[in-house]
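Here the structure comes first, spelled out in structure tokens, and everything after it is commentary.
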There are 4 protein chains.
Amino acid sequence: MIAKATSRPRGRPRKLAGPEDLLAAALRVFSERGFAASRLDDVAREAGVSKAALYLYFESKQAIFEALVRSAVVPNVERLEAMVAGWRGSAADLLRTLVQAIARIVVDGEVAAFPKLIIAEASNFPDLAKLYRTAVIERTLGLLASIVRRGVAAGEFRPTDPELAARLVIAPILFASLWKTCFARHDKVPFDPAPLLELHVDTLVKGLA
Amino acid sequence: MIAKATSRPRGRPRKLAGPEDLLAAALRVFSERGFAASRLDDVAREAGVSKAALYLYFESKQAIFEALVRSAVVPNVERLEAMVAGWRGSAADLLRTLVQAIARIVVDGEVAAFPKLIIAEASNFPDLAKLYRTAVIERTLGLLASIVRRGVAAGEFRPTDPELAARLVIAPILFASLWKTCFARHDKVPFDPAPLLELHVDTLVKGLA
Amino acid sequence: MIAKATSRPRGRPRKLAGPEDLLAAALRVFSERGFAASRLDDVAREAGVSKAALYLYFESKQAIFEALVRSAVVPNVERLEAMVAGWRGSAADLLRTLVQAIARIVVDGEVAAFPKLIIAEASNFPDLAKLYRTAVIERTLGLLASIVRRGVAAGEFRPTDPELAARLVIAPILFASLWKTCFARHDKVPFDPAPLLELHVDTLVKGLA
Amino acid sequence: MIAKATSRPRGRPRKLAGPEDLLAAALRVFSERGFAASRLDDVAREAGVSKAALYLYFESKQAIFEALVRSAVVPNVERLEAMVAGWRGSAADLLRTLVQAIARIVVDGEVAAFPKLIIAEASNFPDLAKLYRTAVIERTLGLLASIVRRGVAAGEFRPTDPELAARLVIAPILFASLWKTCFARHDKVPFDPAPLLELHVDTLVKGLA
DNA sequence: CATGAATGAGCCTTCATTCAT
DNA sequence: TATGAATGAAGGCTCATTCAT
């Protein structure tokens, strides 16, 4: 939901903590309307600033989007990588944990709209697509592949192409994210990704065993 | 091939058979650039027609999109339903066959861009999203759910929520479609969905057993 | 003076003879305000068209300017060249005639504002400056130099660098043009270029003898 | 050198002596880009000062321009007047000397861009044009006219309208200044005003004799 | 005195849509 | 039926100008 700008006393006083507030506003607006359909006016209003103020911190509309990817998405990937690096249990358990962690980010988190955003704008902004692919997708898939590889090495899983398996792991999470951002609005019973992903991990682990 | 269904007088080479050619052009253009970024100029030029001519058959840009969904996607669903209705083999085999059939449509077919298109525009055109959901997604998921149900009833699969399982079936196909339309352009080795989907069915059937 | 758009019945009917009307309007507006300060809104209003209509015929504001140079200035140079080519009298007489002809174009004519325009925008639009220089200035100077050369050869003038002399011929005409477009507005006695240029030719011819 | 007139306390290296440094910066920037295309940001950066600081000394962008005319141009006129007042030689020699003096200012000097600037902005800033005309042009023309008058009175020149003759004197200098600021950039052989002006004075003196 | 931060107004450009023919 | 010509409504971006500090 897009707020009507936090009421501000009056006049000029406005201390912008920095670009972060603007990015937060942009995240909300882009999530709601998509990138192309978002007007900079909307972003500015959402942030409680003038349109021109956006250009104090960003060179263009697209630059805002790119900064958003870097600031809001990439850190999450790093958190996931740290989690995997420190893991000591079985590959299956790690898979389950990771799936839930990713889902918390990409289905329930504030960046839930990103997959949709990137998919929508990939062809119009190839640079952005490449950035997202390199900085987010490939790193996440690599993480998942490494787990599968670990499971295969440990005899937990049957021999399997880890790159393909990684995509199988991601696919239902992506599905859940997209469902939520595109269709959940009209669901009769509210969409709950948890049982879906539980069944997903169950089935996948069993299927890979 | 789109737009070949409506019977045409045969014989006299018309200037314009009707809306079908326009839709075919729109499909090509929308697939290339996305809906929002496609200019009606482009569609008209691709169809070899004046821009104004589009308005002889369609009320608006969005109406073209909607007609496209109806004409290009819905028939595919009907073909799939027919295939399932006539099936006599095992649920697992049907699943495998159906996955391949869906992938042929949605990954290799000319409507491969539709998932991306719908995802991109769902929030801007809620009516369209609802139409696609009702006419395409839910029918396809229902189809898959019925197969799962059949497999469970036959003892082929362990007891499983068929609605959830249906989503698990679809997810990697959707992934493949989106990958192809959004990222495959920059793949170093050309993206081949076949092995991914094979592994998918293998794993899923095993996991559901 | 910029008119308020010739009253037009009402509604949409408008037959633009072509880009010429737009260029004529642009000439008036640019002459009045200069290129940078002219808004496309003004040009459109002056032409009695919508702003968007300008883009049916020209790619950008600058393109309008360039078209203006080509269409409104270059033909004049060609007329001058023809006049010189056909001349049979003395060099001094030709000089006098040519000075008057140039002045009629560049001081009294509708393109009187061009020297000012080009001078004002030369640094902002180097391409345009180069075009004008090549297509107008150098050709005109070359014309004048050829006359001087002819006069020197005929013993009418003392030996003189024709390129330099050509610039001396032009300078007062340019002065008159600029004075008219920049300062004449506030003259107490209306500015009349004729006696100035007469004295100019007299003095110059005598000085070159 | 601009902005060196107002006495400064001597000794303590101040952060900002006052408006002079700002004007010097403005002169450089305006000369480079022209008035309209110069951003106050550029002027401020060139002066090593914040944009807001400009408003401590000047009311508006235009006010900076006006101050520039007064501070950078007018003193030059006064110097010329002093030179003429003290002259004891022939009118022809004075003419020659004065032409060179003016050219040193307006072709080679740091105010070389002023004619172009004034010409470009005359219609947008009529007040400025009037100021320049009164404070610079008319005084300089008056100076030249007085010399011509002197030469006519002394029998050195034939009877001639001194006001017109003054304009003939100025015209090639103006030409040289404009050529340098607008077109010299693309000259194949570097533009040298000296021979042009030498020929100018020679011819003119001979023509007026 | 000096500035960082912010803004309002404006301009070029685009595009879905319409109308006269 | 079909179109060329035209437009209204926006949207991204710029910049002179102004406060609070």
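Here is the naming used below: chain letters follow the sequence lines, and residue numbers restart at 1 for every chain.
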message = Nearest whole Å is fine: how far is E:dT13 C1' from B:R39 CZ?
response = 12 Å
Listed nucleotide nearest any side-chain atom of A:S60, set F:dC13, F:dA2, F:dC19 = F:dC13
query = Would you call C:D42 and C:R45 a salt bridge, using N to O less than 4.0 angstrom?
reply = yes
note = Comparing A:D41 with C:S50, nearest DNA chain F nucleotide closer to 5' gives the residue C:S50
note = Of the listed F:dT17, F:dA2, F:dC19, the closest approach to the D:L40 side chain comes from F:dT17
ask   = Quick one: C:D21 CG to F:dA5 P, roughly how many Å, whole number?
value = 14 Å
query = Are the side chain of A:E121 and the backbone N or O of A:A36 linked by a donor-acceptor pair below 3.5 Å?
reply = yes
message = Both C:E59 and A:L54 contact DNA chain E. Which one's nearest nucleotide lies toward the 5' end?
response = A:L54
Between P of F:dG12 and CZ of A:F58, the distance in whole Å = 15 Å
Whole-Å distance separating the CD atom of B:E121 from the C1' atom of E:dA16 = 15 Å
inquiry  = Stem list for DNA chain F, please, built from Watson-Crick and G-U wobble pairs under 3.5 Å and keeping only runs of at least 3.
reply    = E:2-21 with F:2-21
key: Intermediate values then yes/no, side chain to side chain donor-acceptor pair (under 3.5 Å), B:K61 and B:S38   = CA-CA 10 Å; B:K61 192 186 181 193; B:S38 293; over 6 Å; no
ask   = On a plain distance test, is the side chain of C:K51 in donor-acceptor contact with the base of E:dT13 below 3.5 Å?
value = yes
request  = Report yes if at least one side-chain N or O of A:Y55 is closer than 4.0 Å to OP1 or OP2 of E:dA6; otherwise report no.
outcome  = no
Interatomic distance where CZ belongs to B:R33 and P belongs to E:dA16 [whole Å] = 12 Å
inquiry  = Here's a test of your reading of the structure: between C:A52 and D:G48, which maps to the more 5' nucleotide of DNA chain E?
reply    = D:G48
d(CZ, B:F35; P, E:dA16) in whole Å = 8 Å
inquiry  = If I take atom OG1 from residue D:T181 and atom CD1 from residue C:I119, how far apart are they, to the nearest 0.5 angstrom?
reply    = 7.5 Å
inquiry  = What I want to check is whether the side chains of B:K116 and B:S31 have a donor and an acceptor closer together than 3.5 Å.
reply    = no
key: Shortest side-chain distance from C:K61, nucleotide among F:dT1, E:dA2, E:dT13   = E:dT13
ask   = How would you list, by chain and number, every residue that makes a ring-ring contact (aromatic ring centres under 6.0 Å, His included) with A:F125, sequence neighbours excluded?
value = A:F35
ask   = With side chains defined as the heavy atoms from C-beta onward, is the minimum distance between C:L68 and C:V73 less than 4.5 Å?
value = no
Atom pair distance, as rounded to whole Å: CD1 in B:I64 and P in E:dT17 = 8 Å
ask   = Rounded to the nearest Å, what distance is computed from the CG atom of residue A:L56 to the P atom of nucleotide F:dC13?
value = 14 Å
